[in-house]
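In what follows, a single structure is set out as structure tokens and then discussed.
Heads up: numbering here begins at 1 and tracks the sequence. Computed from a predicted model, the values in this text were never measured in an experiment.
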Amino acid sequence: MVWTGTWVSDRLGIELAGDDELRGLLGLALRRNPKRAHLLVSGVLGKHVPQLPSVVHGHGVTLGRRVRALLGPEEAARAVVLGYAETATALGHAVADGLESAPYLHSTRRPVASVPSAGGFEESHSHATSHLLLPEDPAFFDRGGEAGRGPLVLVDDEFSTGNTVLNTLRDLHARHPRDHYVIVALVDMRAAGDAGRLAAFAEETGARVDVVAHARGTVRLPEDVLARGLRLVEEQDGRTADPLVPCAPAVAPVRLELGWPADLPDGGRHGFTPDHRARLREALPAMAARIVDGLGGPGQAGRVLVLGFEELMYAPLVLARALEEAGLDVRFSTTTRSPVLAVDDPGYAIRTRLAFPAHDDPADGPGERYAYNVAGGGFDTVLAVVDSAADTPALHAPGGLLAQLATAAPRVALAVVPAHTPVPRTPDRQESPVLPAPLRGPDFSSYEPDDVGWLLQDLSAVRLEAPVEEREEAVQSGGAHYAESLPVEYQPTEEYQELYRDALAGSAARIARAVGTVTELVLAERSPRPVLVSLARAGTPVGVLMRRWARHRHGTELPHYAVSIVRGRGIDANALRWLAAHHDPADVVFVDGWTGKGAITRELADALAGFPGFDPEIAVLADPGSCVRTYGTREDFLIPSACLNSTVSGLISRTVLRDDLVGPHDYHGAKFYRELSGSDVSRDFVAAVEARFDEVADAVDQQVKEAASADRAPTWEGWAAVERISEEQGIHDVNLVKPGVGETTRVLLRRVPWKILARRGAGADLAHIRLLAEQRGVPVEERDDLPYTCVGLIHPRYTRGATGADGKAVGSA
């Protein structure tokens, strides 16, 4: 491959230094990502740059053979291989091919019903960060026989900072400890300090850690490269038309039948065994022959690009390799989630970009996807290979992938691989121990004992708090998950407390009306005897109030529990098991305070896929994001319980999930801040709202009547708005955009805020927001086009030296 990095290096001063082979493997491009300016573009990976399938597969197989030689026959026979989604899924497969006898699994961002996660971790620099491990065989990571667990081989395309690998090692070593790890990458680009962190992990755990790579080097980055890179991307965007063509005509591609073997997985998302590998090799010649015939024979196909689909890389790769062996002129690459700047310059690695909407109903919501270096590649035929989950109307729609490919090649063909539906297996294990009864006040929380039972473990004696700035830096760098520590509790000033009291006095009736409405809808539509299960902790005051409404209006004592749910990690499975053992899951109604963009709504739906009988639909007090159908209101207004932290939530902290504190049979943890009892207003908040129940009763009846005949189907308007704001603000990460009054308050109290967007003319609902923003030195921008009253933006490039939009350091809480 000719070096294609001069365009970036000349403008930003980024340099590659290393082995002679390095520049033959890599080019440079610019990311549309505030976490990292540059993208190392591999010419042999088959992701961004079309390449001969034999070259792509061959590099992985060679690495696998080197690992086999390193391990020796005995250890190699016990090894398991783990690859990273989405970029290294085919590379990991090929490494497993080189090892010959190793089973393979790759991480995924596609949750699957009934398959519990065997682990998860964050990829801090990626556009989409959360990874799941979903092996069909729950004993996948325990392979090794009587000799104990065998080596774990982790495969990524590049080994840069080492954050992703360290996150994975820590997660898996806590669950499935072993003595030997091998890290495999096409290029090892770590700096000396990064290498030291891996050595520290080995010393800490006593495990051996080896690294195998084709080439080694480093990337030399100027100190201001992030800011300069973002400015350069913005400049280029101003000169380049958006390649998305929403009005392109519908395309009817040539559909090719592969004859994919029955019950053969489409890849390693849920595990791929040596037996699967042998069956696929046997079937490949016949599938290649069908493709050649479908294209009119060898003489009619011309120059062919086989285009895979995000995580689905290996099946298209080996199909392309079989076509190459059949004599066709073939190249291979895949579509991707990663937004990268395209520049039509011979010194730049990404020359062209096709953009199109996601077409596989992704769990993290809709978004734009890309195919690079396809247009202008001189291809006569593009064969798109997707799995059946992605063969949707969106794939075939005007502006969809197939329509975009039709602008880049004279002929477009489509082959669909059946998406594997795993059948979960239960490993041999002892019965889980009996789970403890819920914690209750006054021993845990300041609520009345009957108001709520906490399905949590008490971690009050554990030091978990860290300064907001340290937590933000650790989370955004990939060094920690936000649920592994707690922010230092914000202690409000007297001015702020006065604002809270005024807000409560002014909104108590409004809240009471919403509480009554959502409770009546639950009683009428979900269950006459619901079991309220609030999502701790924002949902818990709402659950307490719903329980009080049912008692006040109907004389009914509803059970109410609080459970933990963690973004990226799911709901507390042990809490669900306790609920299922003590109540009918069909009666359980999950309760939360409000929706923002709907991330927790999606998280709950995904988490409950493995727990039949539970209804994943959340009931919320306010649904400004239009994410649920059971709500008290869809207005975005100030709910005073969002103004404070534990002192309005029973003196309970956020929930904690950390491997050294929460074992496989433990509930998630939380702290009871008894020392803050002098500032506690939890019972006062409930009493103030309950006192207004009688006066709003008629209004509640009218709202329930209107709701019964209204179309309350979720539109997910909030998610679409957040995506738009993320892109227009240059953040490119929806997790850093927090919409609505409640979420914006959380940003100011618990995170490192960057700026606040406020709807022009919003009055008392934003008084506390403006005060907190002033105290923290955070700018507030007035907007006319916000679907929410306000939106909080977390600092997208946070380190403790980061600056706000005005150039001043972001203050601490």
Item to check | Verdict with reasoning, Thr745 to Ile769, per side-chain contact (heavy atoms from CB on, under 4.5 Å) | outcome: CA-CA 6 Å; Thr745 305; Ile769 294 287; 3.4 Å; yes
Next on the checklist: Pair Ile600, Asp592 - check side-chain contact (heavy atoms from CB on, under 4.5 Å), show working.
Outcome noted: CA-CA 9 Å; Ile600 290 297; Asp592 208 356; 4.1 Å; yes
Checklist entry - Can you list the steps and then say if Leu786 with Ile725 is a side-chain contact (heavy atoms from CB on, under 4.5 Å)? => result CA-CA 9 Å; Leu786 283 185; Ile725 292 169; 4.2 Å; yes
Checklist entry - What's the verdict on side-chain hydrogen bond (donor to acceptor under 3.5 Å, both in side chains) for Asp680 and Ser446, showing C-alpha distance, side-chain angles and the deciding distance? => result CA-CA 8 Å; Asp680 186 30; Ser446 61; 2.7 Å; yes
Checklist entry - Please walk me through it: do Leu736 and Leu793 pass side-chain contact (heavy atoms from CB on, under 4.5 Å)? => result CA-CA 6 Å; Leu736 301 183; Leu793 305 181; over 6 Å; no
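The CD1 atom of Ile652 sits 7.5 Å away from atom CG of Leu456, with the distance rounded to the nearest 0.5 Å. In this structure, Asp587 CG and Phe614 CZ are separated by 10.5 Å, a value rounded to the nearest 0.5 Å. From Leu545, atom CG reaches atom CG of Leu621 across 8.0 Å, with rounding to the nearest 0.5 Å. Taking CG of Asp666 as the reference point, atom CG of Leu657 lies at 10.5 Å (rounded to 0.5 Å). The distance from atom CD1 of Ile511 to atom CZ of Arg513, rounded to the nearest 0.5 Å, is 10.5 Å. Summarising the geometry, atom CG belonging to Leu504 is positioned 8.5 Å from atom CG belonging to Asp684; distances are rounded to the nearest 0.5 Å.
Listed here is the closest heavy atom pair of Arg692 and Ala508: NH1-CB, 3.8 Å. The two atoms that bring Ala758 and Arg770 nearest to each other are CB-NH2, 4.4 Å, heavy atoms only. Here the closest heavy-atom approach between residue Arg548 and residue Val686 is recorded as NH1-CG1, 3.5 Å. Across Leu757 and Arg783, no two heavy atoms sit closer than the pair CD1-NH1, 3.6 Å. Closest of all the heavy-atom pairs between Val518 and Ala619 is CG2-CB, 4.0 Å. What you find for Gly792 and Ile756 is that their closest heavy atoms are CA-CD1, 3.9 Å.
Considering only residues two or more places apart in sequence or on other chains, Tyr561 meets the ring pair (Phe, Tyr, Trp, His ring centres under 6.0 Å) condition with Trp578, His583. In this structure, the ring pair (Phe, Tyr, Trp, His ring centres under 6.0 Å) partners of Phe693, at least two apart in sequence or on a different chain, are Trp549, His552. Evaluation of the side-chain hydrogen bond (donor to acceptor under 3.5 Å, both in side chains) rule for Thr540 yields Ser534 as partners, not counting sequence neighbours. Remark: Arg501 pairs with Glu494, Glu498 by the salt bridge (charged side-chain N to carboxylate O under 4.0 Å, His left out) rule, at least two apart or across chains. Residues satisfying the side-chain contact (heavy atoms from CB on, under 4.5 Å) criterion with Ser646, sequence neighbours excluded, are Glu489, Arg537, Leu651, Tyr673, Leu676. Residues passing the side-chain hydrogen bond (donor to acceptor under 3.5 Å, both in side chains) test with Glu743 are Trp594, Arg746, sequence neighbours excluded. Judged as a side-chain hydrogen bond (donor to acceptor under 3.5 Å, both in side chains), and not counting sequence neighbours, the contacts of Asp660 are Arg658. Partners of Asp450 by side-chain contact (heavy atoms from CB on, under 4.5 Å), not counting sequence neighbours, listed by chain and number: Arg547. Scored by the side-chain contact (heavy atoms from CB on, under 4.5 Å) test, Pro616 finds Ala605, Leu608 as partners (sequence neighbours excluded). In terms of the salt bridge (charged side-chain N to carboxylate O under 4.0 Å, His left out) criterion, residue partners of Arg110 (sequence neighbours excluded) are, by chain and number, Asp360, Asp387. Partners of Arg683 according to the side-chain hydrogen bond (donor to acceptor under 3.5 Å, both in side chains) rule, which considers only residues two or more places apart in sequence or in another chain, are Glu448. Residues meeting the side-chain contact (heavy atoms from CB on, under 4.5 Å) test with Pro436, sequence neighbours left out: Tyr667.
Using a 4.5 Å heavy-atom threshold, the side chains of Pro530 and Leu523 count as touching. Counting only heavy atoms from C-beta outward, the side chains of Val533 and Leu579 approach each other to under 4.5 Å. Contact of the Ile618 side chain with the Tyr631 side chain is not registered, since no non-hydrogen atoms from C-beta on lie closer than 4.5 Å. Annotation: side chain of Leu535 is not in contact with side chain of Val591 (no heavy-atom distance under 4.5 Å). Side-chain contact between Pro624 and Glu635 is absent, with no heavy-atom pair separated by less than 4.5 Å. Using a 4.5 Å heavy-atom threshold, the side chains of Lys705 and Glu520 count as separate. Val778 places none of its side-chain heavy atoms less than 4.5 Å from the side chain of Trp754. Here the side chains of Met546 and Val542 are in contact, with some heavy-atom distance below 4.5 Å.
Proximity of a side-chain donor or acceptor of Arg526 to a complementary backbone N or O of Glu617 within less than 3.5 Å is detected. Here the side chain of Thr556 pairs no donor or acceptor atom with the backbone of Leu558 at under 3.5 angstrom. Not one N or O on the side chain of Gln703 forms a donor-acceptor pair closer than 3.5 Å with the backbone of Thr517. With Arg634 contributing its side chain and Arg712 its backbone, the two residues share a donor-acceptor pair below 3.5 Å. Under a 3.5 Å cut-off, the side chain of His668 and the backbone N or O of Thr655 do not form any donor-acceptor pair. Looking at Thr744, its side chain never comes within 3.5 Å of a backbone N or O of Val741 through a donor-acceptor pair. Here the side chain of Arg674 pairs a donor or acceptor atom with the backbone of Asp443 at under 3.5 angstrom.
Ionic pairing of Asp458 and Lys671 is not present here: no N-O contact between side-chain nitrogen and carboxylate oxygen is shorter than 4.0 angstrom. Salt-bridge annotation for Arg577 and Asp572: absent, with no side-chain N of the basic residue lying under 4.0 Å from a carboxylate O of the acidic one.
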